[in-house]
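A short write-up of the structure that comes next.
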Amino acid sequence: MPELPEVETVVRNLRPVLVGREITGFEAAWPKVTAPTAPATFARQVVGRAIKDVRRRGKYILLDLDRGHVHLHLRMTGHLFVIRPGEAMPDQQIRAWFGLSGGIRLLFRDQRKFGRIGYLADLAPLEARLGPEPLAAKFTAALLAGMLAQRRRQIKPLLMDQSFIAGLGNIYVDEALFAAGIHPQAEAETIPAGKVKALHRAIRRLLRRAIEHQGTTFSNFRFGRNESGRFRDQLKVFGREDQPCFVCGTALAKTRVAQRGTHWCPRCQAP
DNA sequence: CAGAGCACCTGTGGGC
DNA sequence: TGCCCACAGGTGCTCT
């Protein structure tokens with residue numbers, strides 16, 4: 001479900017509410033939510049700690065504590081939101097919750113149970129598995145061109161690989177490849193320089209605009225008090241199979257690339 | 001290194 | 001109507 005813009009939206013929503021609070025408790029209704037660590041072990045690591053900052057790295061939500069860090073990953077259907085003192089647990093699917101000072105609770109709802117919560121004293125092992133932030137100043141067109149050189153992988157699965165670039169997922173990769181006129185199965189190193197430049201521009205523009213629109217809600221992305229993102233109206237190919245391409249009018253295609261549903265224009269993104 | 005297949009889970013929608 | 005299958009915005013593992 002959530003890619004970089006959706007995770008960023010969640011973080012911006014939670015930061016003002018969480019920063020400065022102390023973690024007073026942790027409960028897991030679904031024990032694997034903290035896998036491979038047992039919930040009781042995780043609770044011992046974080047209870048009593050203060051939240052100094054809330055931020056995003058790739059698709060991870062990080063709570064920087066006065067000692068160590070909590071990392072949360074929403075995977076496909078995770079939601080993270082706060083309820084006020086005395087407010088009842090909303091429904092089923094609450095896999096875990098944190099008690100916080102002031103009587104508020106931070107709830108983790110997750111239909112498919114893929115989401116994970118963990119603790120790291122040091123973030124180095126997480127950093128080691130993540131590529132650059134696509135919105136960072138350091139992520140230049142020249143850097144991307146260098147990263148693509150000598151890579152013979154298909155461009156779509158390469159862009160979705162979090163150790164290559166952190167934060168892109170199925171929606172924004174399909175949208176970026178369309179914007180740049182690149183076939184999703186193009187071999188990375190063969191993409192002409194002009195299109196690499198267009199891809200770089202498209203990735204950054206799409207992510208920025210999606211964040212402004214508070215992400216894309218398809219079926220179940222929600223943040224805050226059950227709010228949905230508005231970027232869905234801006235999508236050019238994702239979820240538009242069989243409909244006319246906005247640029248050339250050709251019927252958009254949906255195929256499988258690396259086991260993922262892939263939306264593209266057979267004409268604008270001809271092989 | 002690259003790619004396929006499958007595992008992890010639950011729910012929904014389409015086709016028959 | 002009801003059943004079954006495919007599919008879902010993610011990731012990690014094994015195997016070739």
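Side-chain atoms are counted along with the backbone in the values below, which use heavy atoms only and exclude waters and symmetry mates. In what follows, every chain begins at residue 1, and chains take the letters A, B, ... in the order their sequences are listed.
Counted within 6.0 Å of CZ on Arg267(A), heavy atoms from surrounding residues, nucleotides or ligands total 12 or fewer; the atom is thus considered open. Other residues, nucleotides and ligands contribute only 12 or fewer heavy atoms inside 6.0 Å of the CZ atom of Arg67(A). In Arg208(A), the CZ atom is crowded: over 12 heavy atoms of neighbouring residues, nucleotides or ligands sit closer than 6.0 Å. Residue Arg209(A) places its CZ atom among more than 12 non-hydrogen atoms of other residues, nucleotides or ligands, all under 6.0 Å distant.
Nucleotide dG10(C) holds its C1' atom 12 Å from the CG atom of Asp161(A), rounded to whole Å. Atom pair Glu241(A):CD and dC7(C):P shows a separation of 11 Å (rounding to whole Å applied). Here dC5(C) presents its P atom at 17 Å from CZ of Arg256(A), a figure rounded to the nearest Å. The separation between Arg116(A) atom CZ and dA7(B) atom C1' is 12 Å, rounded to whole Å. A straight line from CG of Asp174(A) to P of dG10(C) spans 10 Å, rounded to a whole angstrom. Distance CZ (Phe238(A)) to C1' (dG10(C)): 12 Å, rounded to an integer number of Å.
Checking side-chain atoms of Glu175(A) against main-chain N and O of Val237(A) turns up a donor-acceptor pair under 3.5 Å. Without hydrogens or angle criteria, Arg204(A) side chain to Phe139(A) main chain gives a donor-acceptor distance under 3.5 Å. Looking at Arg49(A), its side chain never comes within 3.5 Å of a backbone N or O of Asp66(A) through a donor-acceptor pair. Within the 3.5 Å criterion, the main-chain N or O of Gly215(A) finds no donor-acceptor partner in the side chain of Thr217(A). Checked by atom type and distance alone, the side chain of Gln162(A) pairs as donor or acceptor with a backbone atom of Leu168(A) at under 3.5 Å.
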In B/S/- notation (B base, S sugar-phosphate only, - none; protein heavy atoms under 4.0 Å), nucleotides 11-16 of chain C written 5' to 3' is BS----
At under 4.0 Å between heavy atoms, how does the protein contact nucleotides 1-6 of chain B? Give one character per nucleotide, 5' to 3', with B, S or -.
-SSSB-
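Atom P of dT11(C) sits at a distance of 22 Å from the matching atom of dG11(B), rounded to the whole Å. A distance of about 14 Å separates the P atoms of dA7(B) and dA6(C), rounded to the whole Å. Using P as the reference atom, dA4(B) and dA8(C) are 16 Å apart when rounded to the nearest Å. Taking atom C1' in both dC8(B) and dC3(C), one finds a spacing of 25 Å when rounded to whole Å. Look at the P atom in both dC13(C) and dC9(B): the space between them is 15 Å, to the nearest Å. Going from the C1' atom of dT10(B) to that of dT1(C) covers 23 Å, rounded to whole Å.
Stem regions annotated for DNA chain B: B:2-8 with C:10-16, B:10-16 with C:2-8, counting only runs of 3 or more consecutive pairs of Watson-Crick or G-U type with both contacts under 3.5 Å.
No engagement by Tyr172(A) is indicated, since no non-hydrogen atom pair under 4.0 Å with the nucleic acid exists. Within the nucleic acid shown, Gly261(A) comes within 4.0 Å of sugar-phosphate atoms alone, with no base atom in reach, counting heavy atoms only.
Evaluation of the salt bridge (Lys or Arg N to Asp or Glu O under 4.0 Å) rule for Arg56(A) yields Glu8(A), Glu133(A) as partners, not counting sequence neighbours.
For DNA chain B, the neighbouring residues in residues 32-40 of chain A, judged by any heavy atom under 4.0 Å, are Lys32(A).
For an aromatic pair to be called close, the ring centres must be under 6.0 Å apart, and Phe114(A) with His73(A) fails this.
Residues Leu206(A) and Leu177(A) share a hydrophobic cluster, clusters being chains of Ile/Leu/Val/Met/Phe/Trp/Tyr side chains in contact below 4.5 Å. Linking ILVMFWY residues whenever their side-chain heavy atoms come closer than 4.5 Å, directly or via other members, places Val7(A) and Val19(A) in the same cluster.
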Can you give me the N/O atom pairs linking the protein to nucleotides 10-16 of chain B at distances under 3.5 Å, or say none if there are none?
| unit_1 | atom_1 | unit_2 | atom_2 | d |
| --- | --- | --- | --- | --- |
| dT10(B) | OP1 | Lys113(A) | NZ | 2.7 |
| dG11(B) | O4' | Gln111(A) | OE1 | 3.3 |

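A cation-pi arrangement, defined by a distance under 6.0 Å to the six-membered ring centre and an angle within 45 degrees of its axis, is absent between Arg153(A) and Phe164(A).
Both thresholds, 5.5 Å between centres and 30° between ring planes, are met by Phe114(A) relative to the base of dG10(C), so the two rings are stacked.
Tyr172(A) places none of its side-chain heavy atoms less than 4.5 Å from the side chain of Leu4(A).
Paired with Arg15(A) under the rule side-chain contact (heavy atoms from CB on, under 4.5 Å), one option of Asp53(A), Leu63(A), Val10(A) passes, and it is Asp53(A).
Classification of the Phe238(A)-His263(A) ring pair by plane angle, with boundaries at 30° and 60°, yields tilted.
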